[in-house]
2 protein chains.
Amino acid sequence: MSQSENDKYLTSLGAKAKQASYALANLTATQKHALLKAIGQNLTANKGKILEANCQDVQAAREKGLSDAMIDRLLLNEQRLTSIINDIDNVITLEDPVGAEIESRLLDNGLRLSRRRVPLGVIGVIYEARPNVTVDIAVLALKTGNAVILRGGKETLTSNLALNEAIQSALKSQGLPETAVQLIASPDRTLVTGLLKLDKYVDMIVPRGGQHLQRLCAEQASIPVILGGIGICHLYVHHSANLEKALDVIANAKVQRPTVCNALDTLLVHEAVAQTFIPQICQHLVAQGVRFYGCEKTQTYLNQTHVEPAIEVVSASDETFATEWLSLTLGIKVVDSTSMAIEHIRQFSSGHSEAILTDNIHTANYFMNEVDASAVYVNASTRFTDGSQFGLGAEVAVSTQKLHARGPMGLEALTTYKWLAWGNYTVRD
Amino acid sequence: MSQSENDKYLTSLGAKAKQASYALANLTATQKHALLKAIGQNLTANKGKILEANCQDVQAAREKGLSDAMIDRLLLNEQRLTSIINDIDNVITLEDPVGAEIESRLLDNGLRLSRRRVPLGVIGVIYEARPNVTVDIAVLALKTGNAVILRGGKETLTSNLALNEAIQSALKSQGLPETAVQLIASPDRTLVTGLLKLDKYVDMIVPRGGQHLQRLCAEQASIPVILGGIGICHLYVHHSANLEKALDVIANAKVQRPTVCNALDTLLVHEAVAQTFIPQICQHLVAQGVRFYGCEKTQTYLNQTHVEPAIEVVSASDETFATEWLSLTLGIKVVDSTSMAIEHIRQFSSGHSEAILTDNIHTANYFMNEVDASAVYVNASTRFTDGSQFGLGAEVAVSTQKLHARGPMGLEALTTYKWLAWGNYTVRD
């Protein structure tokens, strides 16, 4: 499509989404639950069609020579689709935040003032390969009375179109505008930039993807964006820590699921225990397949100890310390003090999840107070930063910025409030 | 300065502000109060210097031929400066939102999870002529433990530098980094665009100025921006309203202070009462100096009634209905129904303040539910949308966007939260 056709297409999507958002804003929880039920039923009824569409995506990916890991990400099968559909029932059981009056008071002039929680309106979500996001996000948006414009990865466009069709026909069956959920139906990349500037209609953009997508959104969007999902996470071992227990916590943070944003990237070790602890932790982790980048001292301390077979540590640099590994790679740095650990974190952290292991309460509090991140842990793995672990029920994204929502975003992050005032022909003096 | 010198200058401001923000983040309320007291005292001690600096700005403005209204906006005198300083005492008495644990719970895995309210970090504020904003914003930012980078209008640069110097020396006297409050010391416009992209250091941008500045920030910033302060406000007179009382409410909304964002811009009148009410309200308002833009029916109904002297009504257009008047001008439109009033508001509102006058509870609720704005009023003037009227104590800005803060922003809008988790070497299963 030409630029002007793209603009016309996006404006039309935006206007329809905004119009649909009015129809959703005042639905009761029961009405929204019936809608979500209908979506689940419709997805179930269309399983065959959806899996067939996904087959086409998978085949195209194979022909393009995509990696097995990539193909696995975009693959739907009977079991995965059933699990996606079952998740809708979980969302149904969550409390609907919309409609609550958050606070209210009677002003001296007689105005009754309150704040009522309302949907945001129209949400734009940009995501990569996984087709489950299409259903997840549509369901969370509708649960909170929002319309949504979806832009999935081009590798799953056929699957997403099939999923979207099932969702839209459920909307129709409930007497609601199909345009409450719309999918951008072309892989044209300029449509992403166009969506980011659709501020007349879209109230919030959630990019679910890597660093490149996050930067694109931060730089190009004229709509408020929730940046997130990038975790350069640190764990600092203070000399007072129980070093035996520390081994397991570090292994958990690094190895349990290395491909996610709350996995550990850099281990900071206090000088006072580094000489003995670094060889121990490296041996512990190397057995689980971990590779290392380390500072000079890390290398020295490891070389001083006889370890069989020898463990290779590549020289760490500012660049490696600024890397989110998403793999079984770990940076290690020896620090002279807790302040030095905090300084390192301030320099390299993406503001996602940071942890300290210590038995000293003053050090723990100091770290908690001074480290600025969406989640700060004392004596725990960084792996807990997600919506279900934090008890939010659902997770829209993990925000690493400070406005609106920070850390795991639940349903409430898809709402705003409006001030309501009831008077008696009240005027201002 | 060249582009690269500008970048270097801004990077240096940003890095210093971020560093200063760490020193502010954990100050107690008492320490912050002492700081604000010191700022007040220092401003008092430097009154002479400040007023002299302002004289230079005023003289330069006169030489440039600025309007009297404009010169009045940038003028400081003994009385105004005293009032600015006295306002600091009000801020001191406000409750400090920082440090509170918003919610906490014990998770099944033993983690003690809580959310603690913390400062945002570094706030960038871009504003126009009034020099009082320099002090207001610095004081509100410091009260909430934030560092701030100020960019005032070029017409008040000399005044702002004098004010900033007094603030910085108060910071120094309290053993705090002077760079907690920094003023961009050059009128170069590219520094504004540069500030908007300083996302490495600045956590939030608040533009306090007109439509042009708001758009510039929305389009150029890679930092989250709080848009606001643009009010295209509507008041809808339903046929059930008490029309006599309506006259006063409309006059209050339009005339009491026409230059502010919550003043009335467009009056919507239900067809059933338009023929009698429009001549009445026009006569009522014309006596107070109001000029009119009206739809065809407005003109017809006014012409049908003998009004002496004749009232001129200019034809309204989509363009005039999309104008924030900030003056004694009022748009008038006759609507066939409440839905038509709501549709008009949806098309032209800036999402600031909207009101209905009605004695019918169903109509009132319908309007409240369907109109999406930061503040929605039943039977009241739109003029109440501000921080002091809403009991927030202070006002940073009036947000017309939906993320983070909506409507009048008090101290809490200058904070975020972080998740804290205390474990016992806790790992994820």
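Labels below follow one simple rule: chain letters A, B, ... track the order of the sequence lines, proteins then strands, and each chain is numbered from 1.
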task = May I ask you to test the B/Arg428-A/Val249 pair for a side-chain heavy-atom distance under 4.5 Å?
result = no
message = If the contact rule is any heavy atom under 4.5 Å from chain A, which residues of residues 15-27 of chain B qualify, in numerical order?
response = B/Lys18, B/Tyr22, B/Asn26
query = Given that the side chain runs from C-beta out, which part of B/Ile356 has a heavy atom under 4.5 Å from chain A: side chain, backbone, both or neither?
reply = neither
query = With respect to chain A, which residue among B/Glu370, B/Gln220, B/Arg257, B/Lys200 yields the maximal number of heavy-atom pairs within a distance under 4.5 Å?
reply = B/Glu370
key: B/Arg215 vs A/Asp199 side-chain heavy atoms within contact, under 4.5 Å   = yes
ask   = Do B/Val376 and A/Leu420 touch side chain to side chain, with heavy atoms closer than 4.5 Å?
value = yes
message = Strictly below 4.0 Å, N to O, side chains only: are A/Asp429 and B/Arg383 in salt-bridge contact?
response = no
key: B/Arg116 portion near chain A, given a 4.5 angstrom heavy-atom threshold   = side chain
request  = Evaluate the side-chain proximity of A/Lys418 to B/Ser374: yes if any heavy-atom separation is below 4.5 Å, no if none is.
outcome  = no
message = Counting neighbours of CD1 on B/Ile102 that are heavy atoms of other residues, nucleotides or ligands and sit closer than 6.0 Å, is the number greater than 12?
response = yes
Interface moiety of B/Val118 toward chain A, non-hydrogen atoms closer than 4.5 Å = side chain
task = Not counting sequence neighbours, which residues clear side-chain contact (heavy atoms from CB on, under 4.5 Å) with B/Cys217? List them please.
result = B/Ile126, B/Leu196, B/Ile205, B/Pro207, B/Leu213, B/Val225
request  = Answer yes or no: is there a side-chain heavy-atom contact under 4.5 Å between A/Leu113 and B/Phe390?
outcome  = yes
query = Non-hydrogen atoms of chain A under 4.5 Å away: do they reach the side chain of B/Ala253, the backbone, both or neither?
reply = neither
query = Top residue by heavy-atom pair count (under 4.5 Å) with chain A, among B/Ser381, B/Ser222, B/Gly99, B/Ala246?
reply = B/Ser222
query = B/Thr358 versus chain A, heavy atoms under 4.5 Å apart: side chain, backbone, both or neither?
reply = backbone
Partner set under salt bridge (charged side-chain N to carboxylate O under 4.0 Å, His left out) for A/Glu412, not counting sequence neighbours = A/Arg117
Chain A contacts, top residue of B/Arg346, B/Gln401, B/Arg112 (heavy-atom pairs, under 4.5 Å) = B/Arg346
When A/Ala364, A/Pro408, A/Pro224, A/Ala380 are compared by non-hydrogen pairs under 4.5 Å with chain B, the top option = A/Ala380
ask   = Under the side-chain contact (heavy atoms from CB on, under 4.5 Å) criterion, do A/Tyr377 and B/Leu111 qualify, and how do the steps go?
value = CA-CA 9 Å; A/Tyr377 295 88; B/Leu111 273 186; 4.3 Å; yes
note = Most heavy-atom pairs under 4.5 Å with chain B, out of A/Val371, A/Asp359, A/Asn379, belong to A/Asn379
Choice from B/Asp386, B/Asp108, B/Thr415 maximising heavy atom contacts with chain A below 4.5 Å = B/Asp386
ask   = If you count heavy-atom pairs under 4.5 Å between each of B/Asn242, B/Asp248, B/Ile223, B/Thr385 and chain A, which one has the most?
value = B/Asn242
query = Given that the side chain runs from C-beta out, which part of B/Ala405 has a heavy atom under 4.5 Å from chain A: side chain, backbone, both or neither?
reply = both
ask   = Going through the checks in order, is the side-chain contact (heavy atoms from CB on, under 4.5 Å) test met by A/Met368 and B/Trp422?
value = CA-CA 10 Å; A/Met368 278 272 183; B/Trp422 297 83; 3.6 Å; yes
key: Atom pair CG (A/Leu403) and CG (B/Leu120), whose distance is rounded to the nearest 0.5 Å   = 6.0 Å
message = Whether the B/Tyr425 and A/Asn252 side chains hold a donor-acceptor pair (N or O, under 3.5 Å, no angle test) is what I'd like checked.
response = no
task = Mind ranking B/Lys245, B/Gln389, B/Arg406 by heavy-atom pairs under 4.5 Å with chain A and telling me who comes out on top?
result = B/Arg406
message = In the structure I gave you, are the side-chain heavy atoms of B/Ser353 and A/Trp419 within less than 4.5 Å of one another anywhere?
response = no
ask   = Looking at side-chain heavy atoms only, is the closest gap between A/Phe384 and B/Leu107 below 4.5 Å?
value = no
note = B/Glu103 meets the salt bridge (charged side-chain N to carboxylate O under 4.0 Å, His left out) criterion, sequence neighbours left out, with B/Arg105, B/Arg115
Region of B/Gln256 in contact with chain A, defined by heavy-atom distances below 4.5 Å = side chain
